[in-house]
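Notes follow once the structure below has been shown.
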Number of protein chains: 2
Amino acid sequence: MRIVVLAGGIGGARFLRGLKAAAPDADITVIGNTGDDIHLFGLKVCPDLDTVMYTLGGGINEEQGWGRTDETFQVKDELKAYGVGPDWFGLGDRDFATHIVRTQMLGAGYPLSAVTEALCERWRPGVRLLPMTDDRVETHVAVDLDGERRAVHFQEYWVRLRASVDALAVVPVGAEQSKPAPGVLEALAEADVVLFPPSNPVVSIGTILAVPGVREAIAEAGVPVVGLSPIVGGAPVRGMADKMLSAIGVETTAAAVAEHYGSGLLDGWLVDGADTAAVAEVEAAGIRCRAVPLMMTDVEATAAMAREALALAEEVRA
Amino acid sequence: MRIVVLAGGIGGARFLRGLKAAAPDADITVIGNTGDDIHLFGLKVCPDLDTVMYTLGGGINEEQGWGRTDETFQVKDELKAYGVGPDWFGLGDRDFATHIVRTQMLGAGYPLSAVTEALCERWRPGVRLLPMTDDRVETHVAVDLDGERRAVHFQEYWVRLRASVDALAVVPVGAEQSKPAPGVLEALAEADVVLFPPSNPVVSIGTILAVPGVREAIAEAGVPVVGLSPIVGGAPVRGMADKMLSAIGVETTAAAVAEHYGSGLLDGWLVDGADTAAVAEVEAAGIRCRAVPLMMTDVEATAAMAREALALAEEVRA
């Protein structure tokens, strides 16, 4: 079975670990969000791709969900001693090596997709990891800071400001001019199932869908498209998806997110047991819906979620 | 008193520490060798400039004479795990930060001289440190490897091959087209004394002198030019200067190095007590010469050497 997964960072990576356990023989292609990529200290940092790579490759800091295990921060401390910022983005020494290799390869002319493939030769994540695009797309968030409207990089909003102010708008700058990376459309065309993990519907999956051709390729694939709600009981399970949903005028409910994707894109939707009441609403919108436990507390619980998603896909197919 | 010093790496840096102790009120400008600069992992590494900066700024690894104190090697280990080389150049995590800052500034369009000044704002070396040029100059060494003549980067010869094969030729590639960095010619024009520390006469001081205009500016300054022999008792005090001298057809003796610089450039020359016999030969070549202890065993011994050099300069002037 060929499964294509659209993934953001922590939530996507953890879901993928469960999916691999649930479907060990499946051929899994991950289309990774690159809208929160950022240039820091002249280096290209791809937080979501790296989180997937480190998580599936066994190098992740399990407790925080991002960054490397057994990490040290000598480079960061030295940069601070030089007065070179920003200092709010926590790059560790081991992590720096990844960005150094990536930046060197990009500088030598390799596209991000080839660089990602090369990095994965070390990590062997057990999935094919593709950036959504080789072009530069950068998610910006419009905010009011001291009465002035400003657009800040998504990482600045998320990490520096900790989403403490309202997001007034979210714009994937460059997305309209971007092209899907090599392999993205092909993987979708050959997919048997497309899954949306419980990633952020706006700045993770929404950004991937903003790459021209991706949404169409999913629709044209003619295979079940099943998503898992990142909203449980009216709040995001992790992160600050509520801020992002408000910015695009979507309620922070499991049903509203499904309706935001829409029945033109989504065939099935899993909500948590806490949201059983949402099932009827989602089904009324033309999307098959089931309520199942959606807490990724460990790999086994996550694998069970993945099995439910695949079962729902088969139901849709039949 | 305005002193200009042409400096390589370890020897130059240690001499400068002694000079600062010997002449605490002097205005010291250092023209640093950049011929052994190297690009590693997409980063610009300037070993000699950094050795001077770290040594005078209190950040040097005292035992090895280069690199940072309290150093760790996480980035290097990770690069090796990615299979990205070379692995023979020992870059530590703290040191990496310097190269990251430098590379970022160069990428932003600042010349190396401005970058060096910015880095020195942190290190406050107590001297004005200028790269010899803002242009790219790279010292290559011709060697026979497995019967084949090849040109290797100086660092590859020095660090990877440990000068284990003969150097057939030494070429500062790009030197002929280079221009002295801003401030270099001005510092020489305003100097009261010019000093050559016991640095490598070929790949350190020789490379600086290969930048068009530098040799002429020293001659035209009309001030005493005094050097200290890096050769004691027929062997280099440190490093492998003998290999470099052989490559350019100069004997590894204190006298031969003085004559290689020549009386047109050099006014005074200090040899070690072990080379008292060389004094007459050097003086016969038109260069005033004294035999004094030349072992930089500690700062006080080095300061004594600097005082002897300055005293010889005053003798020349008078």
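Each chain gets a letter, A, B and so on, in the order its sequence line appears, and its residues count up from 1.
- Heavy atoms of Thr72(B) lying under 4.5 Å from chain A belong to its backbone as well as its side chain.
- Residues Phe73(A) and Asp93(B) have side chains not in contact (no heavy-atom distance under 4.5 Å, counting atoms from C-beta outward).
- Annotation for Arg122(A) and Ala81(B): closest pair CZ-CB, 3.3 Å, computed over non-hydrogen atoms.
- Contact annotation for Phe41(A): both backbone and side-chain heavy atoms come within less than 4.5 Å of a heavy atom of chain B.
- Looking at Val84(B), the atoms closer than 4.5 Å to chain A (heavy atoms on both sides) all sit in the side chain, from C-beta outward.
- Atom CZ of Arg160(A) is surrounded by more than 12 heavy atoms from other residues, nucleotides or ligands within 6.0 Å.
- Other residues, nucleotides and ligands contribute over 12 non-hydrogen atoms within 6.0 Å of the CZ atom of Phe89(A).
- Heavy atoms from other residues, nucleotides or ligands lying under 6.0 Å from CD of Glu117(A) number 12 at most.
- Here the shortest heavy-atom pairing between Val75(B) and Ala97(A) reads O-CB, 3.8 Å.
- Between atom OG1 of residue Thr98(B) and atom CG of residue Leu79(A) there is a gap of 8.5 Å, rounded to the nearest 0.5 Å.
- Put simply, the side chain of Ile100(B) reaches to within 4.5 Å of the side chain of Phe96(A), judged on heavy atoms.
- Minimum interatomic distance between Gln74(B) and Asp70(A) (heavy atoms only, all atoms of both residues): NE2-O, 3.4 Å.
- Dense packing is recorded around OH of Tyr82(B), with more than 12 heavy atoms of other residues, nucleotides or ligands lying under 6.0 Å away.
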